[in-house]
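Being a predicted model, the structure only gives us computed values, none of them experimental. Reckoned from all heavy atoms, side chains included, excluding hydrogens, waters and symmetry mates.
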Amino acid sequence: MATGREGGDSVMEVPLLERDSSSASSSSLWVVVASTAVAVAGSFVFGCSVGFSSPAQSGIMSDLHLSLPEYSVFGSILTIGAMIGAVMSGRVTEMIGRKLAMATSDFFCIVGWLAIFFAKGVWWLDLGRLSVGYGIGLLSYIVPVYIAEITPKNLRGGFTTVNQLMICCGSSLAFLFGTFLTWRTLALLGVFPCLLQLVGLLFIPESPRWLAKVGHHARFEAALQSLRGKETDISLEAEEIKDFTETLQRSSKTTVLDLFQKKYLHSVVVGVGLMVFQQFGGVNAVCFYASAIFVSAGFSSDIGSIAMVIIQIPMTTLGVFLMDVSGRRPLLMISAAGTCLGCFLVGMSFLLKGHELLMEVNPFFALVGILVFTGSFSLGMGGIPWVIMSEIFPINMKASAGSLVTLISWFGSWIVSYAFNFLMAWNSAGTFFMFATVCGVTVLFVAKLVPETKDRTLEEIQASMNSFSLGKPRIQHP
């Protein structure tokens, strides 16, 4: 497959047929599995952090005598910390490496959870929540990028989507444990996955692509060999990674302004666009205010919330298994279409209730709509944008691009979470019809602009999307 070109420079051709170096041997698959497991411990922390505030609300407000506005600050400051972490995530990860960056995020999360555990007043509570937010802001970028860089192309989608699965598990378990544990005990439990990840980081390899970028060629080959198996010939994959990385470093700068050059425009539009559609499709409005939505629609909040938890994890698991079978694009379009239908049904519930029509089926519309939205979002829109983000940006631009995309995600999350109650007061049905419209446009966006990345190496994907010269031609193997 040939890449685009600038001027009259020669074009590198990526091999059409690769040796077994692109796939993990059965003997080494456990290294990839173990490395992924360590990385997604950070995703579990992410989920625990998001799921903590709801079950802890009554206990914290009672024990520390907080008003509702004070607790609202505590809940929302997590997003502020995450935005700060997102801004710095790319640069920190490129400077110190993927493993050390994960360890840094663990440190901030541990400090934050302990500050919450020992808090006697609102200041320590908020500072702890801010520190946890900063840590998960880093993790939300580092984890999918690390997994994408260590896994072979035929497994990359499913492994990277485990990130979203563990976020769902962490959030659901925090909600479950919060029903019978005190809020201090729940905060203390948040420390354990951080400690597990810190220990695990001592035994897993660094990202080979980062090692190649910083010039540690001996460590690069050793890390790649351990990930692909001692008996696997990695020469072709190693040569492709090194050639691609060296050419990028010779021909490209690594400033933020470079992101807006024409040669990176496709990747930036896809990466930013997916995050915008993910957040403005209403996911945080549904997740954070599901109980209130059920009550407003006339349905039991407890039954509705339990049903959401029951459907979320199985649908995310299904997405993990389908990722490298169906491909990213079909799963994204099906997922976005499902979220569109879910929001439309909820909107219809509020519209009919407002006109006092079919009152006996309104709660049913609300329940089915929320469950369809949750299941569809978990299937693809929750995890695939992060998978694609980790695949499409070349190594020299991952710092700037990753920070931008992660910041957009958290900023969108804050906007929707903050504005939702005002929108519902304005027009409940209109709010969900607006979300449905965004989800419908997402289907068109994916169909027109998002490439299929299944069964392609990162270098193939990036060369096809970013039209830069790649130096000397590569021999095309038969």
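- One finds a salt bridge joining Arg228 and Glu237 here, because a Lys/Arg side-chain nitrogen approaches an Asp/Glu carboxylate oxygen to under 4.0 Å.
- Atom CD1 of Ile167 is separated from atom CD of Gln312 by 10.0 Å, given to the nearest 0.5 angstrom.
- Between Phe277 and Phe445, the distance separating the two ring centers is shorter than 6.0 angstrom.
- Under the 3.5 Å distance criterion, with hydrogens and angles disregarded, a donor-acceptor pair is assigned to the side chains of Glu391 and Thr453.
- Thr104 places a side-chain N or O within donor-acceptor distance of the main-chain N or O of Leu100, the cut-off being under 3.5 Å.
- When atom types are taken as modelled, the side chain of Gln279 and the backbone of Val276 share no donor-acceptor pair closer than 3.5 angstrom.
- Taken to the nearest 0.5 Å, the CD1 atom of Ile392 stands 9.0 Å off from the CD atom of Gln462.
- Of all heavy-atom pairs between Leu458 and Ser390, the closest is CD2-O, 4.4 Å.
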field: Audit row: Trp113, Phe192, ring pair (Phe, Tyr, Trp, His ring centres under 6.0 Å) steps and yes/no
entry: CA-CA 10 Å; Trp113 284 121; Phe192 286 98; over 10 Å; no
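- For the residue pair Cys343 and Phe435, the shortest heavy atom distance occurs at SG-CB, 3.6 Å.
- A donor atom on one side chain and an acceptor atom on the other are found under 3.5 Å apart for Trp410 and Ser140.
- In this structure, Val31 and Pro205 have side chains that are in contact, with non-hydrogen atoms separated by less than 4.5 Å.
- A distance-only check finds a donor-acceptor pair linking the side chain of Ser226 to the backbone of Ala223 [under 3.5 Å].
- Across every non-hydrogen atom of Met102 and Leu201, the tightest pair is CE-CD2, 3.9 Å.
- Inter-residue side-chain proximity for Phe377 and Gln278 is flagged as met; some heavy-atom pair is nearer than 4.5 Å.
- Remark: Leu155 CG to Met323 CE distance equals 12.5 Å, nearest 0.5 Å.
- Using a 4.5 Å heavy-atom threshold, the side chains of Val405 and Phe393 count as touching.
- From Ile313, atom CD1 reaches atom CE of Met166 across 9.5 Å, with rounding to the nearest 0.5 Å.
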message: Is there a side chain to side chain contact (heavy atoms under 4.5 Å, CB included) between Cys48 and Leu189? Walk through the geometry before answering.
response: CA-CA 9 Å; Cys48 290; Leu189 288 178; over 6 Å; no
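- With Arg329 contributing its side chain and Val450 its backbone, the two residues share a donor-acceptor pair below 3.5 Å.
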message: For a side chain to side chain contact (heavy atoms under 4.5 Å, CB included) check, start with the C-alpha distance between Leu274 and Leu332, then their side-chain angles and the critical distance, and finish with the verdict.
response: CA-CA 10 Å; Leu274 285 176; Leu332 264 179; 4.2 Å; yes
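- Closest heavy-atom contact between Ala337 and Val443: N-CG2, 3.7 Å.
- With rounding to the nearest 0.5 Å, the separation of CZ in Arg129 from CD1 in Ile80 is 12.0 Å.
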field: Thr185 and Thr182: CA distance, side-chain angles, deciding distance, side-chain hydrogen bond (donor to acceptor under 3.5 Å, both in side chains) verdict
entry: CA-CA 5 Å; Thr185 304; Thr182 67; 2.9 Å; yes
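- Within the 4.5 Å cutoff, no side-chain heavy atoms of Val87 are placed close to those of Ser403.
- Checking Trp386 against Asn163 by side-chain atom types alone, no donor-acceptor pair falls below 3.5 Å.
- Heavy-atom contacts from other residues, nucleotides or ligands closer than 6.0 Å to CZ of Phe433 number more than 12.
- For the pair Thr316 and Leu379, the minimum side-chain heavy-atom distance is 4.5 Å or more.
- Using a distance-only test at 3.5 Å, with no hydrogens or angles considered, a donor-acceptor pair links the side chain of Glu460 to the main chain of Thr457.
- In terms of modelled atom types and a separation under 3.5 Å, the side chain of Gln197 and the main chain of Ala39 share a donor-acceptor contact.
- You'll find the side chain of Ser464 reaches within 4.5 Å of the side chain of Arg456, heavy atoms only.
- A donor-acceptor pair under 3.5 Å links the side-chain atoms of Ser326 to the main chain of Leu322, judged by distance alone.
- Classified by interplanar angle (parallel below 30°, tilted 30° to 60°, perpendicular above 60°), the ring pair Phe177/Phe180 is perpendicular.
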message: Before you tell me yes or no, could you show the steps for Ile116 and Leu127 under side chain to side chain contact (heavy atoms under 4.5 Å, CB included), namely the whole-Å CA-CA distance, both residues' side-chain angles and the distance that decides it to 0.1 Å?
response: CA-CA 8 Å; Ile116 293 171; Leu127 287 174; over 6 Å; no
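- Here the CE-CE distance, from Met83 to Met88, works out to 15.0 Å after rounding to the nearest 0.5 Å.
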query: Would Ile370 and Leu345 satisfy side chain to side chain contact (heavy atoms under 4.5 Å, CB included), going step by step from the backbone distance to the final call?
result: CA-CA 8 Å; Ile370 293 294; Leu345 290 174; over 6 Å; no
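- The minimum heavy-atom distance linking Trp183 with Asp63 is given by the pair NE1-OD2, 2.8 Å.
- A donor-acceptor contact closer than 3.5 angstrom is absent between the side chains of Thr406 and Ser409.
- Within a 6.0 Å sphere centred on CZ of Phe117, other residues, nucleotides and ligands contribute more than 12 heavy atoms.
- For the pair Lys213/Glu94, a side-chain contact is recorded, criterion being any heavy-atom separation below 4.5 Å from C-beta on.
- In this structure a side-chain-to-backbone donor-acceptor pair under 3.5 Å is present from Ser131 to Phe108.
- The minimum heavy-atom distance between Ala212 and Phe220, with the atom names listed, is CB-CD1, 3.9 Å.
- The side chain to side chain contact (heavy atoms under 4.5 Å, CB included) with Tyr134 is formed by just one residue from the set Ile136, Leu130, Leu138; it is Leu138.
- Heavy atoms from other residues, nucleotides or ligands lying under 6.0 Å from CH2 of Trp123 number 12 at most.
- At least one side-chain heavy atom of Thr36 sits under 4.5 Å from a side-chain heavy atom of Ile150.
- For Ser35 (side chain) and Ile204 (main-chain N/O), no donor-acceptor pair under 3.5 Å exists by modelled atom type.
- A cation-pi arrangement is absent between Arg98 and Tyr146 under the rule of less than 6.0 angstrom and at most 45 degrees off the ring axis.
- At distances below 3.5 Å, not a single donor-acceptor pair connects side-chain atoms of Ser378 with backbone N or O atoms of Met315.
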